[in-house]
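Scope of the values below: all heavy atoms of this structure, side chains included, with no hydrogens, waters or symmetry mates.
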Amino acid sequence: MREEVKNWLKQGEADLKSAKNCINSGDYYLAVFSSQQAVEKSLKAICLFKLKELPKGHSIIYLAQKIKVPKEMLSGIRDLNPEYLITRYPDMAAGIPAELYDKNIADRHYKTAEEVVKWVKNQILK
């Protein structure tokens with residue numbers, strides 16, 4: 001496996017760990033952002049692995065479609081996709097991101113990220 005693929009996957013796993021840490025500390029908006037980042041970086045790892053290219057941009061829907069993730073994962077990915085912006089910018093969130101999220105939302109997005117990272121690892125390491 002190319003070093004670049006390993007690096008993207010390792011960072012995706014680190015972002016997943018950060019998401020869990022943020023849930024545990026009550027920083028739910030950061031947990032959601034880290035979950036989105038875990039998915040994005042893991043999907044970029046598999047794009048590098050399977051397609052030998054690193055797509056530009058941050059749309060995890062685009063990445064998921066490009067590598068044809070299982071259909072049962074697409075709903076969670078679509079739900080998580082806009083969080084790249086909403087968790088970071090008050091003008092995108094129509095409020096203060098730090099005040100808009102709770103544990104239920106963070107847990108839901110974390111579960112999606114955990115599922116995607118696991119799937120990517122299985123695809124790359126099999």
Of all heavy-atom pairs between [X] and [Y], which one has the smallest distance, and what is that distance?
X      : Y      : value
Ile86  : Met92  : CG1-O, 4.2 Å
Gln123 : Phe49  : O-CE2, 3.9 Å
Val69  : Trp119 : CG1-CZ3, 3.7 Å
Val117 : Ala38  : CG2-O, 3.9 Å

Taking the side chain as every heavy atom from C-beta outward, state whether [X] and [Y] have any atom pair closer than 4.5 Å.
X      : Y      : value
Tyr29  : Leu100 : no
Asn21  : Ile23  : no
Asp79  : Arg108 : yes
His109 : Glu83  : yes
Asn81  : Ser59  : yes
Val32  : Leu80  : yes
Lys10  : Lys41  : no
Leu51  : Lys66  : yes

Practice task
Tell me whether the guanidinium CZ or amine NZ of Arg88 lies under 6.0 angstrom from the six-membered ring centre of Tyr84 and within 45° of its axis.
Solution key: yes

Practice task
Test the Lys103-Tyr28 pair against the cation-pi criterion, namely NZ or CZ under 6.0 angstrom from the six-membered ring centroid and within 45° of the ring axis.
Solution key: no

Look at the side-chain heavy atoms of Ile, Leu, Val, Met, Phe, Trp and Tyr, link any pair under 4.5 Å apart, and say whether [X] and [Y] land in one connected group.
X      : Y      : answer
Phe33  : Ile77  : no
Met73  : Leu125 : yes
Leu85  : Tyr62  : no
Val120 : Leu74  : yes

Handout entry: Check against side chain to side chain contact (heavy atoms under 4.5 Å, CB included), Gln36 and Ile60
Key = CA-CA 8 Å; Gln36 186 281 338; Ile60 57 177; 3.7 Å; yes

Give, for atom [atom1] of [X] and atom [atom2] of [Y], the distance between the pair rounded to the nearest 0.5 Å.
X      : Y     : atom1 : atom2 : value
Ile46  : Leu63 : CD1   : CG    : 11.0 Å
His58  : Gln37 : NE2   : CD    : 7.5 Å
Ser35  : Lys20 : OG    : NZ    : 9.5 Å
Asp27  : Cys22 : CG    : SG    : 5.5 Å
Tyr110 : Ser18 : OH    : OG    : 10.5 Å
Asn7   : Arg2  : CG    : CZ    : 10.5 Å

Exercise for the section: State plainly whether the residues Glu13 and Lys17 are in salt-bridge range, i.e. N to O under 4.0 Å. Expected result: no

Donor-acceptor contact present, side-chain [X] to main-chain [Y], <3.5 Å:
X      : Y      : answer
Ser42  : Val39  : no
Asp15  : Ser34  : no
Asp102 : Ile105 : yes

Problem - Exceeds 12 heavy-atom contacts within 6.0 angstrom, atom NZ of Lys68 - result: no

Practice task
State whether the number of non-hydrogen atoms from other residues, nucleotides or ligands found under 6.0 Å of Ile96 atom CD1 is greater than 12.
Solution key: no

Exercise for the section: Before giving the answer on salt bridge (Lys or Arg N to Asp or Glu O under 4.0 Å), spell out for Glu40 and Lys44 the whole-Å C-alpha distance, their side-chain angles and the decisive distance to 0.1 Å. Expected result: CA-CA 6 Å; Glu40 180 181 332; Lys44 286 185 176 183; 3.1 Å; yes

Practice task
Check the pair Asp107, Lys111 against side chain to side chain contact (heavy atoms under 4.5 Å, CB included), reporting the backbone distance first and the verdict last.
Solution key: CA-CA 6 Å; Asp107 283 341; Lys111 183 179 175 192; over 6 Å; no

